[in-house]
Amino acid sequence: MGEFTFPYFYNYPPYFTLQPVKDTREKQIQLWKELILRFCKHHKCFVIDLEGEFALFENTSIQRKLSFEAREQFLGALIADGRAEWLDKNHRKCLILWRRIQDWADLLLDFVRENGIELMTLEEIISGDETHGTELAGIDRGVLIRAVKILEQRGRAAMFKGSSTDDDGVKFSPN
Amino acid sequence: MRRRPGISGLQGAAQARDQYRSLGDNVAKVRQDQMKEQLETFRHQLEEFASKHKNDITKNPAFRAQFHTMCAKCGVDPLASNKGFWAELLGIGDFYYELGVQIVDICLATRPRNGGLIDLEELRSLLAKRRRAVSITEDDCLRAIGKLKKLGGGYEVFSVGRRKLVRSVPMELNRDHNLILEIAQPRGYVTVEEVQSELGWTHGRAIDALENLLKEGLAMVDDGAPNGKRHYWFPCVGPSSSVESEAEL
């Protein structure tokens, strides 16, 4: 994982204030949406807590940080694009889909095909030796389950319950 | 000529006048022919020079500028037409045509960020980076923009303080706006109070002009300054404008 490169606007103070003029604000939101997705992808971050600290939302080198309202707007715009979802009713925790569920499903299928895998527990996919160093490593459990469900619908996988949640697994029929 | 009386005298005078006139005409014609010939030779030589130094003209900015000065002194405008022998010989029309296209490109690409106003120096360095091998001078940019101007679309260069800005969208920029851009230059932003104190304006006038610049998309507000004062930033001027923009292009 290389160093994350911030875009020019991240060091330009007004981008940390929600812009009052509509056109300018739309451009600002667009830039932040792209940045949030790219940042989360780079750091494999799936959930942003609006009330917690999130490194991206504060740039200490220029002493600026996003207001609560700005964070809410940017995440709201991602949700409208289908690239994020609120995880709770109070809209405090936000799931960031820097890769769509659909694309996670494809990635998973490609992985088991290439490696000739037929059986894996969810835990193995998330943090096992086989996926270590691949893009699948560190996948959010909730996201993984939804990706598997898509494969189930396509008849490419079947989920089974283990004796504990750690043993929940997937049987793949990739071909 | 001594005047002689009588009809024959008058006739003689008329005859002499005719002779003088035809002689004069002859002389004028000879001169004109000579001039034509000289012009032809000159044109020929200029063409020869241009085609011989075609590479230098397109590659070397200093040479190009000198060539333009020379042409201007002779009253020749190699950019006037893209159809003439210049275009065929040199593609010099093409040179500025291409430059113009790239300028439009950069103006469009940076517009979301700067609202359609870009520092000429920033534009020049972006152009130079894009073209890599061939260096571009301010003079080249001005010529290319001059051509764009004829196409409409609001391309124009104007001065703010010591800098030149290129405007790529039609907008109303009055003297007040210009003054604000000028005092914003050193740091890239101003506060209402600074506008008032530096320009001796009332609060209303300062707010009015700043709000206008905001609406035009040329300014952005920043409410996060440690001193709590609202900063009005101008992406088209100031230290931050030319530094990090490359990544986006």
Side-chain angles (χ1 to χ4, degrees), chain A residues 1-42 50-51 53-75 77-78 81, chain B residues 106 108-119 122 125-126 129 169 171 177 184 187-192 207-249:
Chain A
M1 202 183 331
E3 189 86 355
F4 185 77
T5 49
F6 287 98
Y8 75 93
F9 79 84
Y10 193 68
N11 291 307
Y12 198 56
Y15 279 93
F16 283 81
T17 298
L18 207 52
Q19 292 302 305
V21 175
K22 187 166 162 280
D23 279 358
T24 317
R25 184 172 63 245
E26 278 169 6
K27 288 166 201 155
Q28 177 191 23
I29 290 175
Q30 184 60 35
L31 287 171
W32 271 102
K33 280 195 306 197
E34 287 161 15
L35 177 59
I36 292 169
L37 289 178
R38 203 162 61 79
F39 184 86
C40 287
K41 181 173 186 180
H42 185 89
L50 264 190
E51 279 169 347
E53 295 283 314
F54 189 59
L56 182 67
F57 292 158
E58 177 163 8
N59 185 349
T60 49
S61 68
I62 57 165
Q63 295 178 283
R64 294 292 187 279
K65 63 176 177 191
L66 289 179
S67 66
F68 185 83
E69 195 199 353
R71 298 170 191 217
E72 215 174 17
Q73 284 245 356
F74 297 158
L75 293 178
L78 278 176
D81 286 353
Chain B
I106 289 174
L108 286 177
T110 57
R111 195 177 287 173
R113 175 165 63 79
N114 59 29
L117 208 55
I118 188 169
D119 190 301
E122 183 186 0
S125 71
L126 290 175
K129 268 181 198 154
V169 287
M171 60 180 91
H177 302 145
R187 291 173 305 172
Y189 70 89
V190 286
T191 64
V192 180
I207 285 282
D208 224 49
L210 286 168
E211 289 298 315
N212 258 318
L213 287 164
L214 269 186
K215 261 187 226 131
E216 292 281 4
L218 294 176
M220 293 180 83
V221 295
D222 165 25
D223 292 332
N227 65 5
K229 295 233 157 64
R230 175 171 272 202
H231 289 183
Y232 290 81
W233 287 82
F234 301 91
C236 58
V237 299
S240 55
S241 72
S242 56
V243 194
E244 293 117 323
S245 49
E246 189 51 25
E248 305 302 304
L249 290 171

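These numbers were taken from a predicted model, which means no experiment stands behind them.
Between Tyr8(A) and Arg113(B), some side-chain heavy-atom pair lies under the 4.5 Å cut-off.
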Can Asp222(B) and Arg64(A) be said to form a side-chain contact (heavy atoms from CB on, under 4.5 Å), step by step? CA-CA 9 Å; Asp222(B) 165 25; Arg64(A) 294 292 187 279; 2.8 Å; yes
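Options Lys22(A), Gln19(A), Lys27(A), Glu26(A) differ in how many heavy-atom pairs under 4.5 Å they form with chain B, and the most are formed by Gln19(A).
Surrounding NZ of Lys33(A) are more than 12 heavy atoms belonging to other residues, nucleotides or ligands, all under 6.0 Å away.
Closest approach of Val221(B) and Thr17(A) over heavy atoms only: O-CB, 3.5 Å.
Expressed to the nearest 0.5 Å, how far NZ of Lys215(B) lies from OG1 of Thr24(A) amounts to 12.0 Å.
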